[in-house]
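Heads up: the structure comes next, in structure tokens.
Order of the sequence lines fixes the chain letters, A, B, ..., with proteins taken first and strands second; residue numbering starts at 1 for each chain. Here the structure is a predicted model, which is why all the values come from computation and not from measurement. Below, all heavy atoms of this structure are taken into account, side chains as well, without hydrogens, waters or symmetry copies.
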Amino acid sequence: MTADPYGKRVRELFARPDHAGDLEKPSARVQIDDQGVRIALAVQCDGDIIDRLRFRVWGCPHALAAAEAVCREFEGRPVSALQAFSANEIMQTLPVPREKLGRILILEDAVRSLGQGARVSPDAGEDTD
Amino acid sequence: MTADPYGKRVRELFARPDHAGDLEKPSARVQIDDQGVRIALAVQCDGDIIDRLRFRVWGCPHALAAAEAVCREFEGRPVSALQAFSANEIMQTLPVPREKLGRILILEDAVRSLGQGARVSPDAGEDTD
Amino acid sequence: MSNIAEMVYLDYAASTPADPRVVDVMTPLFGAGGDFANPSSGHTAGRRSSAHVERAAGQLAELLGCKEEQLVWTSGATESDNLAIVGAARYRADRGRHLITMPTEHKAVADVFHVLEKRGFEVSWLRPDDTGVLDPANLEAAIRPDTQLVSIMQVNNETGVIQDIEALGALCRERDVLFHVDAAQSVGKLPLALASLPVDLLSTTAHKVYGPKGIGALYIADRPGCHVEPLIYGGGQQGGRRPGTLAVPLIAGFGEAARIARCEMQENHEHLRSLRERLWSGIRDLDGIVRNGSDSHSFPGILNVSIEDVEGESLLLALEPLCVATGSACNSTSQEPSSVLRALGRSDLLAQSAIRFSFGRPTTSAEVDLAVARYREAVARLRDIAPGRAA
Amino acid sequence: MSNIAEMVYLDYAASTPADPRVVDVMTPLFGAGGDFANPSSGHTAGRRSSAHVERAAGQLAELLGCKEEQLVWTSGATESDNLAIVGAARYRADRGRHLITMPTEHKAVADVFHVLEKRGFEVSWLRPDDTGVLDPANLEAAIRPDTQLVSIMQVNNETGVIQDIEALGALCRERDVLFHVDAAQSVGKLPLALASLPVDLLSTTAHKVYGPKGIGALYIADRPGCHVEPLIYGGGQQGGRRPGTLAVPLIAGFGEAARIARCEMQENHEHLRSLRERLWSGIRDLDGIVRNGSDSHSFPGILNVSIEDVEGESLLLALEPLCVATGSACNSTSQEPSSVLRALGRSDLLAQSAIRFSFGRPTTSAEVDLAVARYREAVARLRDIAPGRAA
Ligand SMILES: Cc1ncc(COP(=O)(O)O)c(C=O)c1O
Ligand SMILES: Cc1ncc(COP(=O)(O)O)c(C=O)c1O
């Protein structure tokens with residue numbers, strides 16, 4: 001018996017990935033390629049506040065949806081919040097099936113690195129990892 | 001897959017055993033009890049000709065039908081015909097399934113004994129076998 | 001089967017017609033426009049199909065008083081019995097090679113034990129008393145340290161006799177022996193609450209309870225040590241316990257049949273009881289008639305009677321247009337006297353004259369009255385034709 | 001499935017809807033008033049039921065070009081495959097313990113061989129070339145004196161690739177090796193004349209050919225040495241080869257589906273060919289697209305394509321409301337790349353992006369056009385979202 005592997009929220013995020021794309025002058029940028037998923041994030045800050053957050057993903061619908069969710073959630077919040085991002089939270093809120101935890105941890109890595117990058121070199125566009 | 005185990009002819013003979021019964025003064029009589037079937041036959045002759053033939057059977061529908069068929073067939077024929085009766089013939093004409101040959105052979109025995117009895121002691125009512 | 005003018009169907013223990021409500025549930029699921037997709041497919045169509053399976057599992061679980069995950073869909077009780085017995089025997093082969101059952105079991109159980117006997121298992125065949133009932137003390141005495149499985153049916157398909165599966169199961173549980181119950185004839189007919197019964201494996205089939213033919217289920221308790229090796233291998237359906245594309249319309253039909261049976265069980269039971277009473281009162285005064293199986297411990301949908309001095313096969317034919325059975329349906333073409341009735345101590349001759357009348361929801365009193373008349377008439381006619389016993 | 005407005009069903013290889021004519025044949029057989037009796041019952045009702053089974057056996061035998069007695073009814077191709085392979089392996093265990101098959105077989109075959117490997121049989125897994133086709137020379141080289149059975153499917157369920165069963169079977173026959181063919185995807189779709197084909201055992205299932213789910217058949221040639229041990233035991237139905245109450249309505253439905261398939265095979269084939277051509281022309285120009293499986297040796301009802309730089313699971317979701325498959329239906333919930341496509345030499349990534357489009361009688365050109373548009377759009381969108389490969 002097959003339940004829908006995608007919840008309503010995942011379907012909506014997947015269908016409307018408004019934050020997919022790039023930034024011309026990002027405050028920080030990160031890309032990770034591991035565990036069958038490739039994630040790129042870019043952030044543009046206005047002082048300590050995240051102004052714009054963009055993602056690119058090659059991966060399963062959960063990875064895409066999670067990246068979009070992160071972007072939606074963090075815009076307008078302090079950069080420091082990125083470092084507190086937890087995979088566990090998004091696993092539950094989307095929700096994401098247990099067996100895909102690995103991919104969401106890659107996203108966690110990327111988000112935290114992005115937070116790090118944005119703090120260390122506020123105007124740099126370097127890749128982390 | 002189950003075909004009807006009884007042909008049209010068997011069904012008709014079984015439904016109308018007009019020759020079931022006894023004779024008050026038989027020329028000969030025989031009863032055999034073997035192979036899960038009990039057959040009694042009685043014959044009344046008019047000289048060499050079979051006038052009346054009656055049967056009683058405890059047994060399967062094929063045995064009943066065969067006995068009725070025999071009675072129908074031999075009335076009006078010479079007594080000597082009884083001894084020429086063959087189980088094989090009735091196996092084919094009714095028809096009777098192969099696994100019931102044993103029972104029809106009992107009938108054959110009974111019919112032939114009856115023929116014998118009717119010739120040897122034309123006015124006796126003794127049982128043979 | 002009042003609806004087929006030329007017959008009177010009194011063989012509901014062999015098979016029942018699907019309830020019209022069951023047919024209504026199934027029909028739209030077969031064709032285009034219905035949810036015909038493979039329920040293992042991840043896409044929308046597959047998930048819609050799968051929802052029917054889930055609903056049906058819920059309905060059957062509710063009838064059985066168990067959890068949905070404890071059910072495995074099979075093609076019928078024969079497969080369920082085989083999966084339970086062979087599957088458990090294989091899984092627990094290390095524990096011992098002693099098995100216990102009864103000679104009154106359906107062939108779908110008995111024949112499996114015969115095969116296991118050839119494969120090196122030892123089987124104890126417990127005999128019932130002459131009413132068909134097994135004394136739990138006999139089971140208690142038969143269980144050994146190397147016993148791994150006991151299989152005893154709930155309602156006997158030939159006589160309707162009910163075994164006390166609660167008492168028998170309790171003995172098994174005490175000694176950590178698996179207990180399998182063939183409930184093909186009882187599910188939907190007697191109340192069952194598997195969650196609180198000491199039963200480990202239970203077989204059932206839809207076509208005995210107004211569902212479709214070709215679908216059954218096996219209940220597998222989720223207790224440590226209660227597990228079966230699959231009989232067939234393939235796609236991962238049903239957790240690999242029984243692969244193959246799920247027959248969604250049949251499963252949905254079984255679910256609906258289970259729902260109806262649960263709602264109408266009491267009412268049906270009373271209906272059957274009155275029909276059996278009516279039939280038995282109509283023929284019990286016949287000379288040499290014998291009722292096969294307990295009166296008090298039996299399911300009222302079945303009445304099995306033997307009669308002296310009447311040959312069984314001719315009786316069956318003389319009873320037409322009644323559609324009744326001699327032994328179980330699957331034996332009906334063989335000439336051997338029923339092993340169930342022999343286990344009750346009947347002589348071959350008496351066993352061979354046995355007729356099983358079985359009633360169903362659609363059976364009417366008028367049909368029973370016709371059966372009474374027909375039976376009396378046939379017995380009289382055949383006795384009339386038979387020669388005296390002493391030559 | 002134009003009839004479920006919100007979906008476009010292109011997964012006919014996973015399951016087909018029953019043809020309306022099939023539904024018409026089945027529906028009256030389920031309920032009271034129909035011939036619902038147990039076909040093993042000797043009475044009039046039973047014989048009426050049994051007549052439907054006989055008619056259906058005739059219809060299926062005609063489609064397969066064999067005799068009715070050579071057919072055993074099962075619950076589907078999974079059971080048929082198991083019965084054929086395990087049953088023959090057990091029956092001929094004395095002859096040797098070497099078996100031959102391919103890694104591109106359906107799980108209902110491959111998993112059985114995996115189990116037999118654990119039970120002491122040795123299995124040679126022959127690889128196809130990169131179009132999926134097996135060179136008969138490879139089979140010839142693999143057959144040994146102790147080889148007892150070869151199992152090779154006719155039409156592959158993921159790619160549609162057709163094996164040359166006549167040539168392969170001839171090699172088996174020469175060496176007195178049993179030859180089993182899983183024809184779940186080909187029966188009713190390609191002409192078959194078993195009487196003159198060197199095939200010993202052939203599995204089929206109704207629900208892939210517009211019949212109902214839950215019924216299948218196994219063809220067993222009547223040659224010396226060609227015999228299977230039963231998987232399940234019970235009543236004597238089907239000569240004991242596969243006991244259990246026959247599911248009359250399903251069997252009748254399968255018979256009707258066989259009749260229709262025979263009459264309309266040519267016409268259907270052309271319909272499917274034109275649909276596949278239309279789909280492939282609509283997408284073949286996409287960058288990095290790869291067709292999986294031979295073009296010339298394949299059944300036109302299936303088109304399987306992989307595409308570079310697109311993730312398979314997201315592609316599948318982006319394709320909605322198309323109902324299509326990744327691997328086979330029974331794998332669709334697992335994340336593993338298809339073993340069939342890996343055997344064709346595809347990388348994991350490319351295998352993982354594979355989409356199987358499969359067409360059926362009801363499929364329209366409009367549906368195919370929608371599939372083309374949707375596929376192009378989904379690929380473009382997902383590529384757009386993906387980051388460049390080099391960081
Ligand atoms: C007690 C019992 N067990 C098993 C079976 C077999 O059931 P099925 O025909 O569904 O395989 C039957 C009926 O035939 C039965 O009465
Ligand atoms: C090639 C092949 N073999 C076997 C099967 C199994 O068939 P069924 O679902 O009828 O058991 C399928 C389909 O699922 C198939 O495509």
Side-chain angles (χ1 to χ4, degrees), chain C residues 1 3-4 7 9 11 14-15 17-18 20 23 26-27 30-34 36-38 40-46 75-76 78-79 81-82 107-108 111-112 115 207 212-215 231-237 243-250 320-321 323-325 329-330 332-333 362, chain D residues 1 3-4 7 9 11 14-15 17-18 20 23 26-27 30-34 36-38 40-45 75-76 78-79 81-82 107-108 111-112 115 207 212-215 231-237 243-250 320-321 323-325 329-330 332-334 362:
Chain C
M1 195 157 70
N3 8 42
I4 295 195
M7 304 180 207
Y9 186 84
D11 200 13
S15 199
V23 179
M26 291 193 297
T27 313
F30 284 111
F36 70 85
N38 194 319
S40 300
S41 300
H43 49 57
T44 321
S75 62
T78 299
E79 186 185 339
D81 287 340
N82 276 262
K107 274 173 173 271
D111 280 3
V112 179
V115 170
H207 76 97
K213 293 174 186 57
I215 189 77
L231 286 180
I232 62 179
Y233 298 88
Q237 297 98 337
T245 302
L246 290 174
V248 181
L250 306 184
E320 285 190 3
C323 295
V324 293
C330 16
S332 64
T333 45
Chain D
M1 197 158 66
N3 7 43
I4 294 193
M7 305 180 208
Y9 186 84
D11 200 12
S15 200
V23 179
M26 291 194 296
T27 312
F30 284 112
F36 70 85
N38 194 319
S40 300
S41 300
H43 49 58
T44 321
S75 61
T78 300
E79 186 184 340
D81 286 340
N82 277 261
K107 272 174 173 271
D111 280 3
V112 179
V115 169
H207 75 97
K213 293 173 186 57
I215 188 77
L231 285 181
I232 63 178
Y233 298 88
Q237 297 98 338
T245 302
L246 290 173
V248 182
L250 306 185
E320 284 191 5
C323 296
V324 292
C330 17
S332 64
T333 45
S334 92

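Counting heavy-atom pairs closer than 4.5 Å to chain C, the top residue among D:Ile215, D:Val115, D:Val112 is D:Val115. The candidate with the highest count of non-hydrogen atom pairs below 4.5 Å against chain C, out of D:Asp81, D:Val248, D:Thr44, is D:Thr44. Across D:Gly76, D:Pro321, D:Ala108, D:Pro249, the residue that shares the most heavy-atom pairs under 4.5 angstrom with chain C is D:Ala108.
The contact between C:Leu250 and chain D is made entirely by side chain atoms (from C-beta outward), counting heavy-atom distances below 4.5 Å. The part of C:Glu320 that comes within reach of chain D is its side chain, from C-beta onward, which places non-hydrogen atoms under 4.5 angstrom from that chain. For C:Pro20, no part sits under 4.5 Å from any heavy atom of chain D, backbone or side chain. Heavy atoms of C:Asn82 lying under 4.5 Å from chain D belong exclusively to its side chain.
A pairwise comparison of heavy atoms in C:Phe36 and C:Gly31 identifies CD2-O, 3.7 Å as the closest pair.
Rounding to the nearest 0.5 Å places NZ of C:Lys107 at 13.5 Å from OH of D:Tyr233. Rounded to the nearest 0.5 angstrom, C:Leu246 CG and D:Ser15 OG are separated by 11.0 Å. Rounding to the nearest 0.5 Å places CG of D:Asn38 at 4.5 Å from OG1 of D:Thr245.
Residues C:Pro243 and C:Ile232 have side chains in contact (heavy-atom distance under 4.5 Å, counting atoms from C-beta outward). Counting heavy atoms from C-beta outward, C:Tyr9 and D:His43 have side chains that approach closer than 4.5 Å.
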